[in-house]
> 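Got a structure here, written out as structure tokens. Questions coming.
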Amino acid sequence: MSAGLSLEQAPPLSVPLRFFLSAPLFGLAAAGLLLWLGPDALASRWSAGALALTHLLVLGVLTMVMCGALLQMMPVLVGVRVARPRLLGTLCHGLLLLGTLSLASGFLGAGREAFRAAVALLGLGLGGFLAVMGLGLARVAQMQDNVRGMRWALLGLALTLGLGLLLGLGHSDLGLPLWRLPLTDLHLAWGLLGWIAALVAVVAGQVVPMFQMTPPYPPLLRRWLAPGLFALLGWRSLAAGYGLPLAQLPVLLLAALWATFALLTLRLLARRRRKVGDASLDFWRLGMLALLLAALIGAAALLAAPAAAATLGLAAALLFLLGFALSVVNGMLYKIVPFLVWLHLQQRLATRIEVRHRIVLPNMKSLLPEPRTRRQFHLHLAALVVLLAAVPLPALLRPAAALWLADFALLGLNLLGAARRYRAECRRIDRHPDAVSGSPASA
Amino acid sequence: MLTDFLTADHGDCDELFAKAENAAADGDRAVAQAAYAGFEAAMERHLSIEETVLFPEFEARSGMVGGPTAVMRMEHGQIRAMMAQLRQALEDRELDDFLGLSETLHILIQQHNMKEEQMLYPLCDSTLADRAQILLERMQAY
């Protein structure tokens, strides 16, 4: 019972922020790699460049932000107890950062030592994160739909990690075979749908009605989306493993599930009662549109002739990763970061009785000005369109990579701007002429 | 039971907030000011109900005075301070300032409501099950 009582469990700002500020750097690394490798990078899903790129994005950007956000949200909003948030945050972040770099360098030819390091670092970093979150969630008394959904998403991450570690060991030259074909497909399916999309769906169930004031998602969907998703992924995994008939049916049903979710979210957003829009809302709408297209094109790839299937599959994968997952993560960052900065400034000021009424703190919109976030959204949209055009026209790949480089740079600068503003405002509070020297100054 | 009543009240306050914000976005200060006054009154009523009816009852029964209710009271203070800033912006005819502040207030209120709806209200429902009917009547009559 007591686990549900911890309403004041927010970790220090530096814990989530280090994850959020690292993500654009991995995005820059991925875009830089694409620019350097050019059209060859995406010629085959097995190419070294494609594998390095995918993992820089999925681990370095998406999982990086998601872990940071969960370390912030789970104690505050779900009541999960995290004993040493700063220590856990530092370890998770460091291990994930180094592990992702090792893995990418392994794919790019750094040899078996890089894979061994990646297996150890990512196994410890993500495994430790999962253990703390999983144990914490198991102790939460109130079983709301979002808590249930969160457990499914973490299970998805655990399965993806397990499969990934097996594949990594295969690359490590330790006498284990590399079961590349069967395991890679499963690793991919569980990672993209069982972890990333499942987490987005749980978060959407909470924040879309809350931030945009839309009607809620239908209870049936909130309750059954994650179990249904896992049943379909399990069916797909078994069908692939044992060569069962109708192996393609669960894939088509998965596409239908996500197309439904995307359409429903777009419909809810169209019925929102807050009329004031912002870049975050644009990112969500783009994300859902891209998810819908990814599902439709992915289903078409399954039914198409082999030659067309590879092209369609690539388009679906790009739409899913950069159009859907990255857009939603980007939109969330633009809500979470300014709010956390504002909240921590507010709390700092509240402890300074002598200057509390003499300082007016900047609001969220002035911490992260709308014109800058909008500009980044437009760049993001342009980068996505040019990248999709590069699927049939490979000459456009390098221009697309350059746009992605600018997109991630602007995202990083926007987030960094809010972080720097935090430090400046802290100084303003601490050095106010009326401030008593030696006031409590722990951030 | 308590959860349902108080959650529905959150929703009513949200509606009034959206009305004020939408009017401000349309540049209609008179409508925004009227709607905002309605929102502030509804919100103040909601916060007072919690502080004078629900929290003392929960604190007495659970013995937790410095626990979750203390955090909620602190956040109520933050919400009230923000609401005053927004009211001032409308009085000063600064609609852009109002819209900058309204986003901050909206998220402040939403994350506060979420903690209450997810954790505190269900806890009150289970701790105060035998008093729920009486409390509900006092809240409705408030």
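We name chains A, B, ... by the order of the sequence lines, and we start the count at 1 in each one. The shown structure was predicted, so the numbers you read here are calculated from the model rather than taken from an experiment.
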> Within a radius of less than 6.0 Å around CG of B:D130, do more than 12 heavy atoms belonging to other residues, nucleotides or ligands occur?
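Yes, because the 6.0 Å sphere around CG of B:D130 holds more than 12 heavy atoms from other groups.
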
> Would you find more than 12 non-hydrogen atoms of other residues, nucleotides or ligands less than 6.0 Å from B:R80 atom CZ?
yes

> Within a radius of less than 6.0 Å around CZ of A:R421, do more than 12 heavy atoms belonging to other residues, nucleotides or ligands occur?
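Yes.
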
> Please say whether more than 12 non-hydrogen atoms of neighbouring residues, nucleotides or ligands are located less than 6.0 Å from CZ in A:R84.
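Check fails, neighbour count at 12 or below.
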
> Is it the case that more than 12 heavy atoms not belonging to A:R374 sit under 6.0 Å from its CZ atom?
yes

> Report which part of A:Q206 has an atom under 4.5 Å of a heavy atom belonging to chain B: side chain, backbone, both, or neither.
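For A:Q206, the contact with chain B is made by the side chain alone.
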
> How long is the gap from CE on A:M210 to CD on B:Q110, to the nearest 0.5 Å?
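Between atom CE of A:M210 and atom CD of B:Q110 there are 5.5 Å.
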
> Identify, with sequence neighbours excluded, every residue that meets side-chain hydrogen bond (donor to acceptor under 3.5 Å, both in side chains) alongside B:D125.
B:T3

> Nearest 0.5 Å please: distance from the CD atom of A:Q346 over to the CD atom of B:E75.
10.5 Å

> Using a cut-off of under 4.5 Å for heavy-atom pairs, which of B:L105, B:D26, B:L108 has the most such pairs with chain A?
B:L108

> For a 4.5 angstrom cut-off between non-hydrogen side-chain atoms, does A:K275 reach B:E21?
no

> In terms of side-chain geometry, is the basic nitrogen of B:E103 or A:R274 positioned less than 4.0 Å from the acidic oxygen of its partner?
yes

> Tell me the residues of residues 216-225 of chain A whose non-hydrogen atoms fall below 4.5 Å from those of chain B, in number order.
none

> Test of understanding: with salt bridge (charged side-chain N to carboxylate O under 4.0 Å, His left out), list the residues that count as partners of B:R73, not counting sequence neighbours.
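Partners of B:R73 under the salt bridge (charged side-chain N to carboxylate O under 4.0 Å, His left out) test: B:E59.
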
> I need the A:M213 CE to B:E15 CD distance, nearest 0.5 Å.
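A:M213 CE to B:E15 CD: 5.0 Å, rounded to 0.5 Å.
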
> Going by heavy atoms in the side chains, are B:Q111 and A:M73 under 4.5 Å from each other?
no

> Identify the two heavy atoms, one from A:V276 and one from B:A25, that lie closest to each other, and give their separation to 0.1 Å.
CG2-CB, 3.8 Å

> Does B:N22 reach the main-chain N or O of A:R273 with its side chain, forming a donor-acceptor pair under 3.5 Å?
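A pair under 3.5 Å: yes.
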
> For A:L343, is it the side chain, the backbone, both, or neither that has a heavy atom closer than 4.5 Å to a heavy atom of chain B?
side chain

> Strictly distance-based, threshold 3.5 Å: is any side-chain N or O of B:T104 a donor or acceptor partner for the main-chain N or O of A:N363?
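The answer is no, because no donor-acceptor pair under 3.5 Å joins these two groups.
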
> Could you grab the distance from atom CG of B:D96 to atom OG of A:S366, nearest 0.5 Å is fine?
12.5 Å

> Counting only non-hydrogen atoms closer than 4.5 Å, does A:F211 touch chain B with its backbone (N, CA, C, O), its side chain (CB onward), both, or neither?
both

> Around A:K365, counting heavy atoms of other residues, nucleotides and ligands shown, do more than 12 lie under 6.0 Å from its NZ?
yes

> Under the side-chain contact (heavy atoms from CB on, under 4.5 Å) test, which residues partner B:D92, sequence neighbours left out?
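By the side-chain contact (heavy atoms from CB on, under 4.5 Å) rule, B:D92 matches B:Q88, B:E94.
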
